[in-house]
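Here is the structure we will look at.
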Amino acid sequence: MTPQTKAYAAPSAKSPLAPFSLTRRDPLPNDVKIDILFCGVCHSDIHTARDEWGGTTFPCVPGHEIVGRVVAVGRNVKKFKEGDLAAVGCMVDACRDCHSCHENLEQFCEDVVFTYNSPDEHTGAVTYGGYSTNIVVNEDFVLRVRNDVDLAATAPLLCAGITTYSPLRHWKVGKGQTVGVVGLGGLGHMGVKFANAFGAHVILFTTSANKAQDAKRLGAHEIVISKDEDAMKAKARSCDFIVDTVSAKHDFDLYLNLLKRDGTLCLVGLAAEPISMNPFSLVRWRHGLAGSLIGGIAETQEMLDFCADRGITCDIEKIKIDYINEAYERMLRSDVKYRFVIDIASLK
Ligand code: NAP
Ligand code: ZN
Ligand code: ZN
């Protein structure tokens, strides 16, 4: 069969992304075929395309913040019909029969199938993501998108949105609490918006002084430049909860010191290097260090509906597919306001 789906792929860890063609399966009885309209660019795409975590199979087609329109459905599909808007996030399948799957936490399933770079039982190769013109996904892993939302600005909710929404919900962040967000990139700017929407007092910790004005507009009540030692000391033991979205190696003691007694520092950032910290940073004030991985399908739908009700979207810069390598370089320089979204029309 001639590959029909146009895509962009990383041919190897060291080469830039370039045009590629792939074949999607014909929809099975429970599948939905989606014509992709927009795909957000997550820092995980860069980590994977450059094999920074290890385990990337090449060619690699990244992209897991997908919004599009349904163009075909299998005969058993109930949730979608041709012409509907639809979205796909970081997962396209799971075992459906383990404790995590039964508790709507498919992201923690041992057999979760991620949207890209996971073994694909249908093709025998790996899954290919949303830097492509279409995708075929089992309907249980397809999300509903309302007609009245900005589609491009909704796409990054599928990863950046749910990855910050989920820990803020899990640790029950709300009124009367002070929440720190570390890093104002794709995840961080959504962390600021959600923490504000949940009623918390929000402090943004950033390395980029030039993002202060934007941070206020996005919902931060205070901005602290993390390179300013005195400003950081002044915030010692001020936060109940911190979500750390930093994509590179950084100093954990610096941020643990910001927590009140019994506060939790929750990592969502996935720098490639192992982390280290002074044990006193945890022990002295009974601090917790935790992590969080995206969110389950039900919670992702809840988050999309919450955003549609509240008019919450991502602040984006729309790009054409041939800008992707430049976009990666700009993200590595923390120069993104605050998510690149690929207009997939530029690939067709
Ligand atoms: P991003 O848009 O590139 O934002 C990362 C931000 O981190 C930067 O804008 C910058 O913010 C800050 N930063 C970068 N280097 C830093 C350094 N050396 N020290 C301190 N701060 C630094 O990335 P993203 O897409 O939001 O992703 C962030 C991380 O989360 C990545 O590692 C990604 O793989 C991971 N991730 C995890 C999950 C999950 O489920 N846990 C899901 C998606 C992504 P300032 O300019 O404000 O300092
Ligand atoms: Zn992501
Ligand atoms: Zn499972």
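In each ligand, atom 1 is the first atom listed, and ligand 1 is the first ligand listed.
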Within the structure, is a non-hydrogen atom of A160 found at a distance of less than 4.0 Å from ligand 1? no

Does CZ in R25 sit with more than 12 non-hydrogen atoms of other residues, nucleotides or ligands closer than 6.0 Å? yes

If you measure every N/O of L293 against every N/O of ligand 1, is any gap under 3.5 Å? no

Which atoms of ligand 1 are found less than 4.0 Å from any heavy atom of G183? 11 (O), 47 (O)

Below 3.5 Å, can you tabulate the donor-acceptor pairs from side chains in residues 75-82 to any protein atom, sequence neighbours excluded?
residue: K79; atom: NZ; partner: E139; partner atom: O; Å: 3.2
residue: K79; atom: NZ; partner: V142; partner atom: O; Å: 3.0
residue: K81; atom: NZ; partner: D84; partner atom: OD1; Å: 3.1

Side chains of residues 85-96: which donor-acceptor partners sit under 3.5 Å, not counting sequence neighbours?
residue: D93; atom: OD1; partner: R96; partner atom: NE; Å: 3.0
residue: D93; atom: OD1; partner: R96; partner atom: NH2; Å: 3.0
residue: R96; atom: NH1; partner: D140; partner atom: OD2; Å: 2.5
residue: R96; atom: NH2; partner: N138; partner atom: OD1; Å: 3.2

Does V336 reach ligand 1 with a nitrogen or oxygen that is under 3.5 Å from one of the ligand's nitrogen or oxygen atoms? no

Quick one: which ligand 1 atoms are inside 4.0 Å of a heavy atom on C159? 42 (C), 43 (C)

What about the rings of F306 and F198, do their centers lie closer together than 6.0 Å? yes

Determine whether any heavy atom of W53 lies closer than 4.0 Å to an atom of ligand 1. yes

In this structure, does ligand 1 have an atom that sits under 4.0 Å from one of the heavy atoms of R339? yes

So which protein N/O/S atoms does the Zn ion (ligand 2) have within less than 2.8 Å? C42 SG, H64 NE2, C159 SG

So which bit of L270 gets within less than 4.0 Å of ligand 1, heavy atoms only: side chain, backbone, both or neither? both

Neighbouring protein N, O or S atoms of the Zn ion (ligand 3), below 2.8 Å: 4

